[in-house]
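Notes for the one structure printed next.
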Amino acid sequence: MRLLAIHGLAHYATEEEIDKVIDHFLKILMKRPETVEKQYDAMPDAIKGHFTFDENGEAVQLRRPHETKQMIERFFTAKNGH
């Protein structure tokens, strides 16, 4: 949505105005990896490391589905005190 807004604004704004918007947008994008990394680090270990993405953006499973299911079930069982 924001990219569409910038695209639309480009038809009416001056280059200087667009530069300000793009600079702000880039600052937001640069913060994003930090935020994602912090969120990932805060996740329980049972939720991490089940898949990744290759260089083409394709999902790659790192564990067998049964193993993933067991880890997550054990996590929620322990969390609920059963």
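Fair warning: this is a prediction, and the values are worked out from it, not measured in the lab.
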Q. Any donor and acceptor pair, going by atom type alone, linking the side chain of Arg63 with main-chain N or O of Phe51 inside 3.5 Å?
A. no

Q.
Looking at Asn56 and Glu58, would you say the former's side chain and the latter's main chain have a donor-acceptor pair under 3.5 Å?
A. no

Q | Where Ile47 and Phe75 come nearest, the two heavy atoms and their spacing | A | CD1-CD2, 4.2 Å

Between [atom1] of [X] and [atom2] of [Y], what distance do you get to the nearest 0.5 Å?
X	Y	atom1	atom2	value
Arg64	His50	CZ	NE2	13.0 Å
Phe25	Ile18	CZ	CD1	12.0 Å
Arg74	Gln70	CZ	CD	5.5 Å
Gln61	Glu67	CD	CD	10.5 Å
Ile22	Leu9	CD1	CG	9.0 Å

Q) Can you find a heavy atom in the side chain of Val21 that is under 4.5 Å from one in the side chain of Glu17? A) no

Q. Honestly curious: do Ile72 and Met43 fall in one hydrophobic cluster under the side-chain, below-4.5 Å linking rule?
A. yes

Q) When hydrophobic residues are tied together by side-chain contacts of less than 4.5 Å, even through go-betweens, does Val60 share a cluster with Met71? A) no

Q.
Can you tell me if Met30 has over 12 outside heavy atoms packed within less than 6.0 Å of its CE?
A. no

Q: Indicate yes or no: does Asp45 engage Lys48 in a salt bridge with an N to O separation below 4.0 Å.
A: yes

